[in-house]
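Just so it is clear, the structure is predicted and the values come from calculations on it, not from any experiment.
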Amino acid sequence: TGNSQWYNTTQLSKGKRYSHTTTVMNATSILVLGGIDGAGNTLANSEIYDARTKTWSQTLPDMKTPRSQHATAVTSLSPEDKDSRKLCVFGGKDHDGNVLKSIECYDSISNEWNIIGNMQFGARYGHSVQVIGKANDSEQIFLIYGGNDGTSAQRSTEYWSTDSLSFVQAGNALVDE
């Protein structure tokens, strides 16, 4: 708001949710995606908050797989580059609590979600993903790190090309032993 203070806003239009992700889509919009609702249902839907109008709306179609405890990242926040922007969701848990290894990406041209592959180190939830590289650079990568595979905490990392949406490299985080 420019005045560096907290303010009240409207509630999510789809109701309560937790174990979701929030992702900055541009200078005035935040995406809330997936999670679990107040009745315990795992969600595939999303809502976008518009800071200019202070309203929530569902402008994206539902993901193919309802998921919670997933990780979400978006490339390029440039308004001029909206059609080449990649919004991807990694892993998480499905409605039965199964840990997922799939990666879904939103295609703004076809207005649909597509499963583009599986994480190489397998299923994980509670992990993080970051985009590394300069905006609008075809060499940007998604760095997927840590999480839990359903039995133990993980230290593995994976790199995926944001341009080709394909696996690039894997490894383990450095640790003192």
Side-chain angles (χ1 to χ4, degrees), residues 17-26 29-36 42-48 60-78 81-110 112-177:
R17 68 172 74 208
Y18 62 96
S19 295
H20 57 277
T21 56
T22 57
T23 306
V24 174
M25 296 300 290
N26 59 43
S29 299
I30 297 174
L31 173 73
V32 174
L33 183 63
I36 300 171
T42 303
L43 304 171
N45 66 28
S46 64
E47 295 188 56
I48 293 181
L60 298 179
D62 288 357
M63 293 182 289
K64 301 251 187 248
T65 307
R67 55 182 80 214
S68 65
Q69 300 182 55
H70 51 284
T72 306
V74 65
T75 63
S76 181
L77 300 179
S78 168
D81 196 29
K82 185 177 176 184
D83 286 339
S84 65
R85 182 182 302 159
K86 306 276 192 324
L87 169 65
C88 296
V89 179
F90 302 80
K93 288 185 174 181
D94 70 10
H95 63 278
D96 293 322
N98 299 311
V99 183
L100 302 169
K101 60 183 175 181
S102 63
I103 301 170
E104 273 188 68
C105 295
Y106 174 70
D107 183 328
S108 61
I109 296 169
S110 67
E112 65 182 0
W113 289 90
N114 297 298
I115 296 176
I116 58 119
N118 293 317
M119 292 183 285
Q120 298 296 304
F121 271 109
R124 62 175 84 194
Y125 70 95
H127 52 293
S128 62
V129 61
Q130 298 297 319
V131 176
I132 299 174
K134 294 180 181 179
N136 304 320
D137 184 348
S138 64
E139 298 297 315
Q140 280 186 326
I141 58 168
F142 290 117
L143 168 63
I144 307 162
Y145 174 78
N148 190 306
D149 67 0
T151 59
S152 63
Q154 301 295 300
R155 67 178 184 150
S156 61
T157 58
E158 296 186 29
Y159 302 89
W160 284 74
S161 165
T162 62
D163 186 45
S164 64
L165 297 177
S166 60
F167 173 73
V168 176
Q169 179 180 344
N172 285 317
L174 298 174
V175 294
D176 293 331
E177 296 196 36

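In this structure, Y159 has its ring center no closer than 6.0 Å to that of F167.
The side chain to side chain donor-acceptor pair (under 3.5 Å) search around S19 returns none, not counting sequence neighbours. In this structure, the side chain to side chain donor-acceptor pair (under 3.5 Å) partners of S29, at least two apart in sequence or on a different chain, are N26.
Between the side chain of H70 and the backbone N or O of R124 there is no donor-acceptor pair closer than 3.5 Å. Although no hydrogens or angles enter the test, the distance criterion places a donor-acceptor pair under 3.5 Å between the side chain of D94 and the main chain of D96. A side-chain donor-acceptor contact under 3.5 Å links R17 to the backbone of G34. A donor-acceptor pair is defined here as one N or O able to donate and one able to accept, closer than 3.5 Å; such a pair exists between the side chain of Q154 and the backbone of S152. At least one donor-acceptor pair closer than 3.5 Å links the side chain of D149 to the backbone N or O of T151. With E158 contributing its side chain and Q120 its backbone, the two residues share a donor-acceptor pair below 3.5 Å. Side-chain N or O atoms of R155 include none that pairs as donor or acceptor with a backbone N or O of G146 at under 3.5 Å. Although no hydrogens or angles enter the test, the distance criterion places a donor-acceptor pair under 3.5 Å between the side chain of K64 and the main chain of W113.
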Could you check I115 against T65 for side chain to side chain contact (heavy atoms under 4.5 Å, CB included), going step by step and ending with a plain yes or no? CA-CA 9 Å; I115 296 176; T65 307; 4.0 Å; yes

Starting from the C-alpha separation in whole Å, work towards a yes-or-no answer on side chain to side chain contact (heavy atoms under 4.5 Å, CB included) for N114 and C105. CA-CA 5 Å; N114 297 298; C105 295; 5.9 Å; no

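Taking both residues in full, the closest heavy atoms of H127 and F90 are given as NE2-O, 2.9 Å, listed atom of the first, atom of the second, then distance. The shortest heavy-atom contact between W160 and V168 is C-CG2, 4.0 Å. Across every non-hydrogen atom of P61 and Y106, the tightest pair is CD-CE1, 3.6 Å. The minimum heavy-atom distance linking I48 with L31 is given by the pair CG1-CD1, 3.6 Å. Here the closest non-hydrogen pair linking N148 and G150 is OD1-N, 2.6 Å.
In E112, the CD atom is crowded: over 12 heavy atoms of neighbouring residues, nucleotides or ligands sit closer than 6.0 Å.
At a threshold of 4.5 Å between non-hydrogen side-chain atoms, the residues L100 and R67 count as touching.
A side chain to side chain contact (heavy atoms under 4.5 Å, CB included) with V74 is found for exactly one of L87, V131, T162, namely L87.
Side-chain atoms of H20 and S68 form no donor-acceptor pair, as typed in the model, at a separation below 3.5 Å. Side-chain N/O atoms of S161 and D163 include no donor and acceptor closer than 3.5 Å.
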